[in-house]
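The block underneath contains the structure these notes are about, expressed in structure tokens.
In this text the structure is predicted, and so the values were computed from the model without any measurement.
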Amino acid sequence: MPIEFTHVPGKTADAAVPFFYDFAETATKLGLIEDGGFRKIVVDDSAGLLTDMDLAAQVLDRTSSLEVVLTHWAGVVEPTVAARQLASIDRKSGGRLVLRMISEPLSDADAETRPVGHTVIWQRIDEYLVLLKRLWSNDRPFDHEGAFYSIKGGYVPRKGPHGADLIIRMGGQSGTAVKVAGRHADVFELAPGSIDEVRQSMERVRVAAAEHGRASKLRFALPVRIHQGASAPGLKAVDVAGPPAQAALSLLAYAALGIDEFMIVGVDTPREIATVGRETIALLRNSLVRRETDAFQPGTFAPRAGIETRAAG
């Protein structure tokens, strides 16, 4: 499967305005992203989950082929409500919705009655995803009584095009996070690091997925900052320095590990988006085609001396 590119919006370079809130310029940017070789765009707004859902629906309405990676977390809305809303968005878009699950602290009314910690948060995510998948696939209403959720007559009458097969993305570095991701994730978002660190992380997640018979189904995404610029708050990325040809060569070293997707961070102005699509993405794709044609072995594209790739915040 060819490498895919995902745009991760940050803030505009000339003003502290979130990417999606300059509506006149957003339409231009979305057109450039869609035409520039990006397959997906991440929606992750600081206003929260409900705003993310609204923005995702708007982006899907304004584009024809771009997939929207909707950042989502448990605890804001009940699973039955979320399942219906997500199925509706996916259905209206023709199946272009992707769910990106992240961890958030427990904040509902009864959180104080339970020990709140990292493990509990991921246990809640686990139960939440189990319920979403069940709601997207069931033929009749069902009841559920779990550690975090109680459902009576749970049912989503109008499923999305993919039903329970809606693509789910997850990440995390702790053993608990990796274990839950191994059970549910179709795409695992890796933490930035050196070639060896990323390779080790991939192996950890594959082992966790293998426990559920899913190792061969798992794909990997790596956040990358191609050049310095405004980036999405909180998202760390591999910093790739140099001109387009040099940046593409650096990314080939990661592609050789089995990375399926690069999440491009810090490319937000129309000019930056157009340049990355026309130069770096095109060069990398052409290089990957040549690699497949020449049947190079993994490790062929190890970084040359002088090419800088490092984890950056």
Linking I/L/V/M/F/W/Y whenever any side-chain heavy atoms sit under 4.5 Å apart, do [X] and [Y] land together?
X: Ile102; Y: Leu50; value: yes
X: Ile168; Y: Leu132; value: yes
X: Leu283; Y: Phe38; value: no
X: Leu222; Y: Ile3; value: yes

If you define the side chain from C-beta out and look only at heavy atoms, does anything of Trp73 sit under 4.5 Å from Ile121? no

Between [X] and [Y], a side-chain donor and acceptor under 3.5 Å:
X: Ser174; Y: His118; answer: yes
X: Gln173; Y: Ser201; answer: no
X: Gln58; Y: Asp54; answer: yes
X: His184; Y: Asp126; answer: yes

Which of Leu99, Val68, Leu70, Leu166 passes side-chain contact (heavy atoms from CB on, under 4.5 Å) with Asp90? Answer is Leu166

Looking at residues at least two apart in the chain, or sitting in another chain, which of them share a side chain to side chain contact (heavy atoms under 4.5 Å, CB included) with [X]?
X: Pro243; result: Gln246
X: Thr51; result: Tyr21, Asp45, Ala47, Leu55
X: Glu67; result: Arg39, Lys40, Arg96, Val98

Pairs involving residues 151-181, ordered by first then second residue, that meet ring-ring contact (aromatic ring centres under 6.0 Å, His included) (sequence neighbours left out): none

Once ring-ring contact (aromatic ring centres under 6.0 Å, His included) is applied, what residue pairs with a partner in residues 266-289 remain, sequence neighbours excluded? none

Closest heavy-atom pair, Asp268 versus Pro9, reported as atoms and distance to 0.1 Å, is OD1-CA, 3.4 Å

Identify the residue among Arg169, Arg100, Arg214 that makes a salt bridge (Lys or Arg N to Asp or Glu O under 4.0 Å) with Asp186. Arg214

What pairs of residues pass the salt bridge (Lys or Arg N to Asp or Glu O under 4.0 Å) test when at least one of them lies in residues 143-168, not counting sequence neighbours? none

